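Take a look at the structure set out below.
Please read these numbers as outputs of a predicted model, since none were measured by experiment. The figures that follow rest on heavy atoms only: side chains count, while hydrogens, waters and symmetry mates do not.
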Amino acid sequence: MGTVDELEAVFRSKASFSDTSELLFTREVAFEIIEACAKKGILILGMDFYVRDGQDYRELLSSADFSELKEKPDAVAQTVKSAKRLIAQGLPDGADFVSFVLDEEP
């Protein structure tokens, strides 16, 4: 089991919604995940945002793409900083949830 799989296993129970492809988290849990990525050296490639739609959810067109930072020597620190800054005042565009795209090898 890789580092990303281990992280997902730890946070799966904190997901607000979960299906086979996405785990959706509240802003508060997102900060925990960002901190865990910093500690474990996991690169955050991107974040997708969702709104509650009745009993379901739908993806917003806005997303964050940090993949251009992958080649930087301090990529993990840069993506952690960018992710924290992005959600510091709340999730963008009135989103209720966030999902992460993670990469084990920065």
Side-chain angles (χ1 to χ4, degrees):
M1 181 181 281
T3 309
V4 169
D5 293 332
E6 290 172 9
L7 183 78
E8 287 178 354
V10 168
F11 284 97
R12 184 170 294 281
S13 66
K14 293 187 176 189
S16 297
F17 285 100
S18 174
D19 64 26
T20 57
S21 62
E22 294 288 342
L23 296 174
L24 305 185
F25 302 98
T26 62
R27 179 173 166 263
E28 292 74 23
V29 176
F31 277 115
E32 293 178 40
I33 293 169
I34 293 167
E35 284 298 321
C37 287
K39 289 178 184 166
K40 294 184 178 288
I42 297 172
L43 183 67
I44 302 168
L45 292 175
M47 300 164 73
D48 295 312
F49 302 98
Y50 297 80
V51 291
R52 189 180 311 272
D53 189 6
Q55 295 297 319
D56 208 2
Y57 59 90
R58 67 180 164 81
E59 187 173 0
L60 296 173
L61 295 177
S62 61
S63 64
D65 181 0
F66 305 129
S67 61
E68 75 277 359
L69 298 173
K70 187 173 183 172
E71 302 306 317
K72 302 270 186 190
D74 58 345
V76 171
Q78 288 294 317
T79 62
V80 163
K81 181 179 173 183
S82 294
K84 283 182 179 178
R85 189 174 339 131
L86 180 63
I87 67 171
Q89 301 300 315
L91 297 179
D93 299 327
D96 297 308
F97 308 105
V98 59
S99 70
F100 291 87
V101 180
L102 305 175
D103 183 8
E104 285 188 53
E105 300 179 32

Pairwise side-chain contact, Phe25 with Glu32, heavy-atom cut-off 4.5 Å (strictly under): no

Partners meeting salt bridge (Lys or Arg N to Asp or Glu O under 4.0 Å) with Lys39 (sequence neighbours left out): none

Over 12 non-hydrogen atoms of neighbours within 6.0 angstrom of CD in Glu71: no

Verdict with reasoning, Leu45 to Asp65, per side chain to side chain contact (heavy atoms under 4.5 Å, CB included): CA-CA 6 Å; Leu45 292 175; Asp65 181 0; 5.8 Å; no

Closest contact, heavy atoms only, Ala36 versus Phe11: CB-CE1, 3.9 Å

Rounded distance (nearest 0.5 Å) linking atom CD1 of Ile44 with atom CD of Gln78: 12.0 Å

Nearest-0.5 Å distance, CE of residue Met47 to CG of residue Leu102: 10.0 Å

Nearest-0.5 Å distance, OG of residue Ser99 to CG of residue Asp48: 4.0 Å

Side-chain touch Ile33/Leu7, heavy atoms, less than 4.5 angstrom: yes

For the student: nearest non-hydrogen atoms of Phe31 and Ala88, plus distance: CZ-CA, 4.1 Å

Residue pairs fulfilling ring pair (Phe, Tyr, Trp, His ring centres under 6.0 Å) with at least one residue in residues 73-101, sequence neighbours excluded: Phe17-Phe97

Whether Asp53 side chain and Arg58 backbone form a donor-acceptor pair below 3.5 Å: no

Evaluation steps, side chain to side chain contact (heavy atoms under 4.5 Å, CB included), between Arg52 and Tyr57: CA-CA 4 Å; Arg52 189 180 311 272; Tyr57 59 90; 5.9 Å; no

Closest non-hydrogen atom pair between Glu22 and Tyr50, with its separation: CD-OH, 3.3 Å

Minimum side-chain heavy-atom gap Ile87-Ile34 below 4.5 Å: yes

Closest contact, heavy atoms only, Pro92 versus Leu60: O-CD1, 4.2 Å

Spacing of Leu23 atom CG and Lys14 atom NZ [to the nearest 0.5 Å]: 13.0 Å

Minimal non-hydrogen separation, Val76 against Ala38, with atom names: CG1-CA, 4.2 Å

Result of checking Val80, Asp103, Leu43, Thr79 against Phe66 for side chain to side chain contact (heavy atoms under 4.5 Å, CB included): Thr79

